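Here is the structure we will look at, set down as structure tokens.
By convention in this document, chain letters (A, B, ...) are assigned in the order of the sequence lines, proteins followed by strands, and residues within each chain are numbered from 1. Please read these numbers as outputs of a predicted model, since none were measured by experiment.
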Amino acid sequence: MLEIYNTLKRRKEVFEPIEPGKVRMYVCGMTVYDLCHLGHARVLVVFDTVVRYLRYSGYDVTYVRNITDIDDKIIQRANENGESIDKLTGRFIQAMHEDSEALNVQSPDLEPRATHSMPAIIDMIQTLIDNKAAYVGPNGDVYYDVSGFAGYGSLSGKKIEDLRAGARVDVDESKQDALDFVLWKRAKPDEPNWDSPWGAGRPGWHIECSAMSTQCLGNHFDIHGGGMDLAFPHHENEIAQSEACTGEHFVNVWMHNGFVQINEEKMSKSLGNFFTIREILKIYRPEEVRYFILSSQYRSPLHYSDDNLDKARGALARLYTALRDLPEAAPAEDTDYREHFNKAMDDDFNSPEALAVLFDMAHDINRCREKDVKRAAALAASMRKLAEVLGLLQQDPESWLQGGITSDGMSDEQINDLVVQRDQARDNKDWAESDRLRDLLQDAGILLEDSAGGTRWRRK
RNA sequence: GGCUGAGUGGCAGAGUGGCUAUGCAGCGGAUUGCAAAUCCGUGUACCUCGGUUCGACUCCGGGCUCAGCCUCCA
């Protein structure tokens with residue numbers, strides 16, 4: 001029985017889809033004005049894993065992840081670059097897709113873009129005005145009237161009075177209340193704009209997600225996810241807008257992933273302490289990054305450090321080492337591991353515990369591979385099947401172990417030549433020469449393993 | 001100030017009212033020409049103070065510390 005921590009309830013609850021066997025899920029995607037950093041990678045990987053597990057559990061999932069391709073920062077960046085908005089967003093959307101693919105993140109079923117969803121956005125704003133939940137300010141902008149929505153603050157556990165008291169919100173004379181937020185902004189000269197009943201302009205940030213999610217998934221759907229920082233105000237505002245518009249309950253389960261931290265601080269653009277996915281992929285392989293992300297439960301902080309990425313590398317080496325040299329086989333009948341794995345993932349997607357099951361399997365494989373190859377091979381097949389749910393261990397073990405970031409290292413040919421030389425020295429019992437060659441390779445990051453079947457090597 | 005979440009062994013990171021998490025690192029052994037990989041064994045822990053309990057790291061309450069949100073942010 002799958003339990004998910006629901007931010008709205010502040011506890012785990014048994015997941016029950018609105019429609020039996022089906023899950024409709026929406027995740028707030030990127031604002032495409034720059035390259036994705038590790039924090040974005042976490043959202044991509046975490047919710048990809050959620051979708052994989054739901055599908056593995058038998059649900060028919062419709063997964064929507066939007067793209068915000070119009071906002072202040074995009075306009076600003078395009079101006080700075082002297083580049084058109086379309087060109088800028090096109091570039092970063094492509095980069096995001098490349099990064100996702102590298103991290104073995106499957107494409108969402110739908111990937112709506114704000115600029116392609118204007119009719120739905122405008123309709124929604126019109127309905128909100130008709131329902132007296134929104135008003136046109138003296139400056140021509142359209143605002144949402146927070147005071148009219150009774151449940152405001154329920155997602156983030158905030159009280160309207162507290163918010164007003166601590167308001168650091170810009171004083172804006174056009175708003176009736178400091179907490180009101182903009183639905184439609186009148187275009188300034190030279191800004192991109194769309195026609196609307198309230199003049200040429202563009203949507204506020206929050207309304208696009210309400211419009212796109214309900215357009216793709218209906219007024220009431222199962223899961224809405226995103227980073228913790230979106231809970232307030234973004235998701236709070238989405239609830240207010242959507243429910244005031246449709247009159248229906250918006251979302252059953254709200255999921256929020258924790259931050260990537262660096263030196264005990266949130267990794268973020270504004271703090272400038274971020275690493276882009278691309279920077280990290282120059283040093284670590286994508287699967288190592290994915291493993292690193294999944295080595296912490298999605299709501300916990302994820303501590304970025306080279307040391308922790310190195311550990312991910314070591315852990316994957318152990319798992320792939322267990323998988324090598326085994327014949328193809330059907331997955332084992334033995335379901336204890338699978339049950340344990342499912343139990344871990346059923347508990348709010350506890351990936352660290354699920355990974356521990358894979359290590360138990362690796363241990364078992366190593367123990368029985370000599371005496372019972374059939375069992376070892378079957379276990380290996382089961383292990384890969386479970387790992388696939390996490391998006392891991394799908395590569396050829398030997399290739400993985402010999403692979404690595406090889407930009408300035410030895411080529412495979414050079415390595416193989418040296419290994420052959422060393423084997424000749426070993427045949428001659430010339431241990432001095434043999435050890436010299438091993439040290440030489442080791443300095444180049446190559447580890448040798450002698451066995452009855454011959455010498456093999458791998459990159460450290 | 002208001003709200004949220006967290007404090008576990010050298011590091012990372014799960015979990016449980018009494019019974020080995022797991023990985024890396026350490027130590028001893030097997031194996032090896034030497035190694036590596038693997039196996040066997042092993043050490044180190046649950047922020048603090050109270051309470052509940054036969055028994056709490058695990059439940060409850062106070063405190064301390066940390067992170068985050070309250071402004072764009074995944």
* Pair assignment for B:C59, Watson-Crick or G-U wobble, requiring both distances under 3.5 Å -> B:G51

* Would you mind classifying the nucleic acid contact of A:Glu370 as base, sugar-phosphate or nothing, using non-hydrogen atoms under 4.0 angstrom? => nothing

* Would you indicate what A:Lys269 reaches in the nucleic acid, counting non-hydrogen atoms under 4.0 angstrom: base, sugar-phosphate, or nothing? => nothing

* Within less than 4.0 Å of OP1 or OP2 of B:C69, is there a side-chain N or O belonging to A:Lys266? -> yes

* Which listed nucleotide (B:C66, B:A74, B:A37) is nearest to the side chain of A:Thr321? -> B:A37

* Asked: Taking the C1' atom of each, how far is B:A25 from B:G55, in whole Å?
  -> 34 Å

* Within the structure shown, what part of the strands sits under 4.0 Å from A:His256 by heavy-atom distance: base, sugar-phosphate, or nothing? -> nothing

* More than 12 heavy atoms of other groups within 6.0 Å of A:Lys269 NZ -> yes

* Side chain of A:Asp435, base of B:G33: donor and acceptor closer than 3.5 Å? -> yes

* Would you call the rings of A:His37 and A:His40 parallel, tilted or perpendicular if under 30° counts as parallel and over 60° as perpendicular? -> tilted

* What is the nucleic acid contact for A:Asp307, judged by heavy atoms within less than 4.0 Å: base, sugar-phosphate only, or nothing? -> sugar-phosphate

* Asked: A:Tyr304 pairs by ring-ring contact (aromatic ring centres under 6.0 Å, His included) with which of A:Phe259, A:Phe274, A:Phe275?
  -> A:Phe275

* To do: Assign A:Val27 to base, sugar-phosphate, or nothing according to its heavy-atom contacts below 4.0 angstrom with the strands shown.
  => nothing

* To do: Would you state whether a donor and an acceptor, one from the side chain of A:Asp310 and one from the base of B:C24, lie under 3.5 Å apart?
  => no

* **Charged tip of A:Arg285 within 45° of A:Trp400 ring normal and under 6.0 Å** => yes

* Just checking A:Glu265: base, sugar-phosphate only, or nothing, at a heavy-atom cut-off of under 4.0 Å? -> sugar-phosphate

* What is the nucleic acid contact for A:Gly226, judged by heavy atoms within less than 4.0 Å: base, sugar-phosphate only, or nothing? -> sugar-phosphate

* To do: Tell me what A:Arg367 touches on the nucleic acid: a base, only sugar-phosphate, or nothing, going by heavy atoms under 4.0 Å.
  => sugar-phosphate

* Asked: Across the strands shown, which category fits A:Arg422 at heavy-atom distances under 4.0 angstrom: base, sugar-phosphate, nothing?
  -> base

* Asked: For the residue pair A:Phe181 and A:Tyr143, is the inter-centroid distance of their aromatic rings smaller than 6.0 Å?
  -> no

* Phosphate oxygens OP1/OP2 of B:A67: is one of them under 4.0 Å from a side-chain N or O of A:Ser300? -> no

* How is A:Asn308 classified with respect to the nucleic acid when contacts are heavy atoms under 4.0 Å: base, sugar-phosphate, or nothing? -> sugar-phosphate

* To do: Looking at every strand, decide which applies to A:Arg458 at a 4.0 Å heavy-atom threshold: base, sugar-phosphate, or nothing.
  => sugar-phosphate

* To do: Look at A:Asn366 and B:C39 and indicate whether a side-chain polar atom (N or O) is within less than 4.0 Å of OP1 or OP2.
  => yes

* Any chance you could lay out the side-chain hydrogen bond (donor to acceptor under 3.5 Å, both in side chains) test for A:Tyr33 and A:Asp71, step after step, and finish with the verdict? => CA-CA 9 Å; A:Tyr33 70 101; A:Asp71 91 324; over 6 Å; no

* Check whether the side chain of A:Ser434 and the base of B:G33 form a donor-acceptor pair under 3.5 Å. => yes

* Remember a base hit wins even if backbone is also touched, and classify A:Arg318 as base, sugar-phosphate or nothing at under 4.0 Å, heavy atoms. => sugar-phosphate

* Tell me what A:Tyr5 touches on the nucleic acid: a base, only sugar-phosphate, or nothing, going by heavy atoms under 4.0 Å. => sugar-phosphate

* Identity of whatever pairs with B:U65 - Watson-Crick or G-U, under 3.5 angstrom -> B:A6

* For the side chain of A:Arg438 and the base of B:A35, is some donor closer than 3.5 Å to an acceptor across the two? -> yes

* Think A:Tyr298 has a side-chain N or O under 4.0 angstrom from the OP1 or OP2 of B:A74? -> no

* Remember a base hit wins even if backbone is also touched, and classify A:Thr7 as base, sugar-phosphate or nothing at under 4.0 Å, heavy atoms. => nothing

* Looking at A:His363, does any N or O in its side chain come under 4.0 Å of the phosphate oxygens OP1/OP2 on B:U22? -> no

